[in-house]
Structure formats: C-alpha cells, structure tokens
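I have placed the structure first, in the form of structure tokens, so that the comments after it can refer back to it.
The residues of the chain are indexed from 1 along the displayed sequence.
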Amino acid sequence: AERGPWADLLRQAFQAWDTGDKAGAFIRYRLAAEMGYRTALANVGFFYEEGVEGVLEKDAKRAVAFYSLAADQGDVVCRRRLGDLLYYGLDGTPPDYPGALAHYRRAPNDAQSVFNVAGMLER
C-alpha cells in the first residue's frame, strides 16, 4: 500500500465525504491534489465537474484541468471523462467530436471508452 502524507489526507477526505462534510472533503482532496496524487486529482476534477452545493460551483474548465493531470498519470476513467466533456460540449460550447474520439482512443483498456469509440465510428 502507498504511504505518505497524501494517504492520510485521502483517508481524512473520504471520511469527511462519508460523514457529509463536503467542504472538508474538498479541502483535503485539494491538498492531496497539490501533491500530485492521482486519486485526489480525479476527485477534485469530479468536484469541479459536478459542483457541490454550498461548497463550490460547477467549473468545467477546472474539471478538465484536474482530469487532465490525473489522465496523464494513467487514470483511464479521467481520460474517458475528458472525452465525455468534449463529446457533450463544455459550458455551452459545441461538441468536439474529434477531441472526444482522441481521448477515448487513449484509454483502450477501458471498456466504456472502447464502446464510445465504436459508437462514434458507427455513425
């Protein structure tokens, strides 16, 4: 198992989320993300993508930034989320199908990404 200050932060962040302390969870995930920890980067991206009432507004551009950092470390779910954000368009921008396809193709071990590629090529 991984050890280090990020492991404690992640444990504390999960416990905060689990008990309903979403602000505490975000702060801890954000600190671990600053250390470059992939799971924290992914979770911060999720916070920004979805927004958390009373804590943080949705911000697709920040979600993309954090998902990109996690994807660059090999997180295939974040790679797929990047493709999804481009496929459906960001904050009212038109969809970017070639960009989405490029992200899906970079996650060949992710079944949903492969399915998405097949669906796009079928059209």
Contact summary for A100 and M120, nearest pair of heavy atoms: CB-CE, 4.4 Å
Please check: side-chain N/O of Q73 versus main-chain N/O of G36, any donor-acceptor pairing under 3.5 Å? yes
Tell me whether D72 is salt-bridged to R79, with the criterion being a basic N under 4.0 Å from an acidic carboxylate O. yes
Let me check something: do V114 and V77 share a hydrophobic cluster, defined by ILVMFWY side-chain heavy atoms less than 4.5 Å apart, either directly or through other members? no
Full working for side-chain contact (heavy atoms from CB on, under 4.5 Å) between F66 and Y29: CA-CA 11 Å; F66 282 94; Y29 280 129; over 6 Å; no
Spatial distance of atom CG (D84) from atom OH (Y67) [nearest 0.5 Å]: 9.5 Å
Under a 3.5 Å cutoff, is there a donor and acceptor pairing between the side chains of N116 and Q112? yes
One pair to check against side-chain contact (heavy atoms from CB on, under 4.5 Å): S68 and L82. What are the steps and the verdict? CA-CA 7 Å; S68 293; L82 288 166; 3.7 Å; yes
Residue pair A33 / A40: nearest heavy atoms and the distance that separates them: N-CB, 3.4 Å
Can you tell me how far CG of D21 sits from CD of Q15, rounded to the nearest 0.5 angstrom? 11.0 Å
Quick check on the hydrophobic clustering: are L69 and L86 connected, directly or via other members, by side-chain heavy-atom contacts under 4.5 Å? no
Measuring from atom NZ of K22 to atom CZ of F47, what distance do you get when rounded to the nearest 0.5 angstrom? 8.0 Å
Smallest separation among heavy atoms of L9 and A32, with atom names: CD1-N, 3.8 Å
Applying the 4.5 Å side-chain criterion to the ILVMFWY set and letting contacts propagate, would M35 and V44 be lumped into a single cluster? yes
Quick check: is F14 connected to L56 through a chain of hydrophobic side chains (ILVMFWY, heavy atoms under 4.5 Å apart)? yes
Sole residue of D75, L85, D110 in side-chain contact (heavy atoms from CB on, under 4.5 Å) with R80: D110
Return the minimal non-hydrogen interatomic distance between C78 and A70, and the atom names on each side. SG-CB, 3.7 Å
Any heavy-atom pair between the side chains of F115 and Y104 that's under 4.5 Å? no
The reported gap from CD in E34 to CG in L41 (rounded to nearest 0.5 angstrom) is 8.5 Å
When you group the ILVMFWY residues by side-chain heavy-atom contacts below 4.5 Å and let the links chain together, are W17 and Y48 in the same group? yes
CZ of R28 to CG of D8, rounded to nearest 0.5 Å, is 11.5 Å
CG-CG distance between L10 and L31, expressed to the nearest 0.5 angstrom: 10.5 Å
